[in-house]
Amino acid sequence: MKGRVGFEKLSEMDYRGNTYYTIRNLSLYECQGWCREEPDCASASFSFVVNPLAPIQETVCLLQNETTGSNPTVNPQKAVSTYYMIKLNIRSENVCNRPWTFERVPNKMLRGLDNALIFTATKESCLAACLNEKRFVCRSAEYNYITTKCHLSEHDRRSVEDSIELVDAQGVDYFENLCLKAGDGCRGVRQYAVPSIGVADDRVAHHADVYFYVDKELLASNEAACQRACQVENEFLCRSYLFKESSAGLEYNCQLYHLDHFSLPDGPSTFLTTDRPLLDDGEPVGKFVENVCISNNTGLIGDGSGGISGGDQTGPTESDINCDRTGTCYDVGVHCRDTKIEVLVKTNRPFSGRVYALGRSETCNIDVQNSDSFRLDLTMNGGDCNTQSMSGMFTNTIVLQHHSVVMTKGDKIYKIKCTYDMSPRNVSFGMMPIRDPDMISITSAPAAPPPRIRILDPTGGDVETVRIGDRLIFRIEIPGNTPYGIFARSCLAMAKDSRSTFQIIDDDGCPTDPSIFPRFVPDGTALQSTYEAFRFTESYGVIFQCNVRYCLGPCEPANCQWGRDTMESWGRKRRSAEKVEKTEEDMTMSHEILVLDFGDEDTKFSHRQTATLPANFPNNSTYTVHEETVTVFNSTCPTKTSVLALAVTCALLLLLYICTVFYFLMRRWLGPDKSV
């Protein structure tokens with residue numbers, strides 16, 4: 001299932017980001033709509049500044065294509081009268097058509113009121129689980145970025161129990177579901193009252209009138225009508241309203257807000273830190289009312305320990321951690337293939353449930369019905385199974401879950417890994433539950449596919465003879481069904497006699513002169529560069545020489561600078577580097593091409609040569625299996641003019657020879673006879 005665009009909102013907080021577009025005097029919903037429609041927009045910062053001479057809000061909308069708000073280790077900055085919205089991609093059909101899907105509070109958690117505990121690989125998967133929850137109304141979620149634990153709860157900050165409070169929790173973010181229906185806004189009975197927070201009612205009303213952004217305003221005949229409008233509001237979750245008595249009866253006097261004092265980072269103390277407008281007559285501005293959740297004495301669905309009541313509370317025993325409390329034991333094996341990881345499970349008793357990749361339960365799973373042998377295939381590319389790769393190692397986490405929906409403490413979670421190395425090795429594997437710190441690595445070494453070098457014309461056909469200026473495609477390719485990627489760097493163009501050289505791609509993978517030989521770009525698993533044929537002044541033959549290496553997974557591009565322009569070239573290896581000795585598996589590949597001058601006839605070579613590299617040629621590597629040195633070279637051929645000149649010279653020499661012979665013969669024949 002494809003994800004749907006949603007937003008998380010932070011109130012009176014701001015993150016650093018790269019702003020690429022600024023819009024003034026725009027409504028909050030227009031600002032959020034712009035970011036939703038802009039593919040490059042990652043976040044939007046919306047601020048409404050109060051004019052000190054009158055209670056008028058002037059707005060500024062900043063669209064950002066980069067944001068630190070997606071980094072859980074970065075703390076936000078406090079910003080008054082600011083909403084910060086971060087775009088999300090959530091795999092759920094229940095993402096509502098509202099400005100925001102969740103309200104986020106960084107480094108906070110709700111103490112001890114979890115209805116369900118699951119493990120998800122990403123924050124977005126945790127939020128999707130909250131939206132998809134069927135057993136209870138999920139009003140809040142907490143995601144721990146370190147342990148990947150996702151806590152779901154029917155409670156939020158407005159629950160009335162004494163134990164409800166947000167506590168500091170570094171590395172944990174608290175989220176409130178803003179896609180709730182109006183009737184589900186409270187766990188108990190939803191009522192409306194003036195907030196009793198130890199601050200004068202008039203001061204609270206003045207603050208809301210000036211510093212709260214009005215989500216909707218309308219004309220109401222009385223306060224009951226205004227309250228009713230807040231109760232049935234569907235475009236956003238209405239938490240409070242401000243009703244103003246209007247004598248004229250022609251002005252909007254009912255203002256609806258998605259905020260309440262719980263939504264403010266500083267809580268009720270926020271109302272004590274702001275001043276009234278300078279041009280204020282001191283009269284009451286109106287009546288500010290919030291919805292209040294009254295307990296109906298319903299208990300928790302869960303048992304308060306983070307799990308669902310009725311679930312298995314018994315963990316793995318020390319005697320055999322691969323067996324559960326029912327006596328079912330699991331024998332888990334792994335086979336590392338070129339394009340997938342096969343997880344094989346055998347049990348001593350028939351198993352029914354689900355097996356899936358952690359965090360990808362919807363896109364990478366199998367349903368098992370009463371079977372003692374089953375297999376889950378984990379893809380190595382793409383995000384369907386969330387397989388991670390780093391330093392030549394592919395890792396994933398799988399879950400053996402008894403229930404079709406609910407994860408309990410009795411389920412099994414296994415960490416697996418496949419390591420790809422240079423030379424063939426035997427496959428060894430071992431599995432331990434993730435709850436135990438000891439894990440055995442899985443190592444495999446599929447052979448790297450050999451590359452193929454091609455020089456193509458614009459139509460995609462292979463060429464061997466070209467003219468200066470012809471548009472060509474220099475292409476290095478490997479089979480597409482492989483986990484490997486390639487990169488090329490340290491490329492040289494050399495004259496056939498090696499007297500002249502020109503570096504076209506530097507050691508970082510960047511073109512030295514893009515006007516002669518542009519950057520490499522990926523095309524599937526191949527690299528290619530489109531250039532115009534050239535040769536050296538003293539030679540028709542050109543030798544192209546590049547260092548080509550493998551990456552496990554796509555290679556990262558190099559950030560290249562040419563003049564004032566910045567570009568990416570797929571010629572750079574990944575971050576860490578390790579030297580690998582050249583083995584007999586390394587190979588040198590070549591491809592011939594003939595570069596003619598303008599007006600020359602096409603001449604096809606019937607022979608090919610292979611250029612070999614010096615033994616001390618640099619040998620660098622990163623995430624590599626082995627290095628391929630690719631050599632593409634040209635040979636010279638006499639032109640029509642030189643052949644004609646040679647023919648004329650030979651003819652003249654032959655004529656001179658004939659004339660000389662004829663002269664001596666005639667002289668001997670016409671000379672006097674000296675005999676008596």
Side-chain angles (χ1 to χ4, degrees), residues 1-6 8 69-73 86-95 101-102 104 106 109 114 116-133 138 141-152 169 171-175 306-307 332 334 340-343 353-366 376-391 393-401 403-409 411-418 431-437 439 442 483 552-554:
M1 180 181 65
K2 293 183 178 180
R4 299 185 61 181
V5 175
E8 62 180 20
S70 300
N71 186 348
T73 63
I86 302 174
K87 186 184 289 186
L88 303 174
N89 189 281
I90 304 176
R91 293 193 174 190
S92 173
E93 295 295 336
N94 298 322
V95 175
T101 311
F102 285 91
R104 172 184 168 192
M109 67 179 297
D114 302 327
L117 168 63
I118 61 176
F119 290 83
T120 62
T122 63
K123 169 186 69 179
E124 288 78 4
S125 299
C126 179
L127 300 183
C130 183
L131 294 176
N132 296 333
E133 183 57 56
C138 181
E142 298 156 5
Y143 186 70
N144 190 315
Y145 296 94
I146 301 174
T147 64
T148 70
K149 289 183 178 180
C150 173
H151 299 263
L152 307 181
V172 180
D173 282 354
Y174 171 80
F175 300 88
V332 182
V334 173
K340 64 181 178 180
I341 301 174
E342 297 178 354
V343 182
R354 299 185 72 202
V355 182
Y356 59 88
L358 187 63
R360 293 293 186 271
S361 60
E362 297 179 355
T363 59
C364 189
N365 68 83
I366 57 170
L376 174 65
D377 291 343
L378 304 173
T379 59
M380 301 176 69
N381 296 320
D384 289 347
C385 289
N386 197 37
T387 302
Q388 305 294 317
S389 63
M390 180 177 293
S391 301
M393 182 184 300
F394 286 80
T395 62
N396 209 322
T397 303
I398 65 165
V399 180
L400 276 65
Q401 181 175 296
H403 195 272
S404 60
V405 177
V406 180
M407 177 188 291
T408 66
K409 292 182 179 180
D411 296 331
K412 296 296 182 182
I413 304 175
Y414 292 94
K415 185 84 171 182
I416 66 171
K417 61 181 179 179
C418 281
M431 303 301 302
M432 296 290 282
I434 195 172
R435 295 185 180 93
D436 192 300
M439 291 180 291
I442 304 167
L552 282 174

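The first residue in the sequence is number 1, and the count goes up from there.
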(request) Evaluate the side-chain hydrogen bond (donor to acceptor under 3.5 Å, both in side chains) criterion for residues T363 and D384: first the C-alpha distance (whole Å), next the side-chain angles of each, then the deciding distance (0.1 Å), finally the verdict. (result) CA-CA 5 Å; T363 59; D384 289 347; 4.8 Å; no
(request) State, to 0.1 Å, how close D173 and P106 come at their nearest heavy-atom pair, and which atoms those are. (result) OD1-CA, 3.1 Å
(request) Mind checking the CZ-SG spacing from F175 to C138? Nearest 0.5 Å is all I need. (result) 11.5 Å
(request) Could you pull out the closest heavy-atom pair between E362 and N132, with the gap in Å? (result) OE2-ND2, 3.5 Å
(request) May I ask you to test the L378-I398 pair for a side-chain heavy-atom distance under 4.5 Å? (result) yes
(message) Do V355 and V343 make a side-chain contact, defined as non-hydrogen atoms from C-beta onward lying under 4.5 Å apart?
(response) no
(request) Report yes or no: does T387 contribute a side-chain atom to a donor-acceptor pair with the main-chain N or O of N396 at less than 3.5 Å? (result) no
(request) Could you pull out the closest heavy-atom pair between C126 and L152, with the gap in Å? (result) O-CD2, 4.1 Å
(message) Working note: V399 + F119, criterion side-chain contact (heavy atoms from CB on, under 4.5 Å); need CA distance, chi angles, decisive distance, verdict.
(response) CA-CA 9 Å; V399 180; F119 290 83; 6.0 Å; no
(request) Can you see which heavy atom on I90 is nearest to which on E124, and at what distance? (result) CG2-O, 4.1 Å
(message) Between H151 and M109, is there a side-chain heavy-atom distance shorter than 4.5 Å?
(response) no
(message) Which heavy atom of A357 sits nearest to which heavy atom of C385, and what is that distance?
(response) CB-O, 3.6 Å
(message) I'd like to know if the side chain of Y356 reaches the main chain of Q401, judged simply by a donor and an acceptor atom lying under 3.5 Å from each other, with no hydrogens or angles considered.
(response) no
(message) Measuring from atom OG of S70 to atom CD of E8, what distance do you get when rounded to the nearest 0.5 angstrom?
(response) 7.0 Å
(message) Please report the interatomic distance CZ(R91) to CG(L131), rounded to the nearest 0.5 Å.
(response) 14.5 Å
(request) Mind checking the OG1-CZ spacing from T120 to R360? Nearest 0.5 Å is all I need. (result) 9.5 Å
(message) As a quick check of understanding, evaluate side-chain contact (heavy atoms from CB on, under 4.5 Å) for I86 and R104, giving each step before the final call.
(response) CA-CA 10 Å; I86 302 174; R104 172 184 168 192; 3.5 Å; yes
(message) Within the structure provided, determine whether C364 and T379 are in side-chain contact (heavy-atom separation under 4.5 Å).
(response) no
(message) Show the nearest heavy-atom pair for residues S125 and G359, with the distance to one decimal.
(response) OG-O, 3.3 Å
(message) Under a 3.5 Å distance rule, please check whether N144 uses its side chain to pair with a backbone N or O of K149 as donor and acceptor.
(response) no
(message) Is it the case that the side chain of N386 and the backbone of A121 share a donor-acceptor pair, with hydrogens and angles ignored and the cut-off at 3.5 Å?
(response) no
(request) Decide yes or no for T101 and L127: does some side-chain heavy atom of the first lie under 4.5 Å from some side-chain heavy atom of the second? (result) no
(request) State, yes or no, whether a side-chain contact exists between Y143 and T148 at a heavy-atom distance under 4.5 Å. (result) yes
(message) I'd like to know whether V332 forms a side-chain contact (heavy atoms from CB on, under 4.5 Å) with I416, so could you lay out the CA-CA distance, the side-chain angles of the two residues, the decisive distance to 0.1 Å, and finally the verdict.
(response) CA-CA 10 Å; V332 182; I416 66 171; 5.6 Å; no
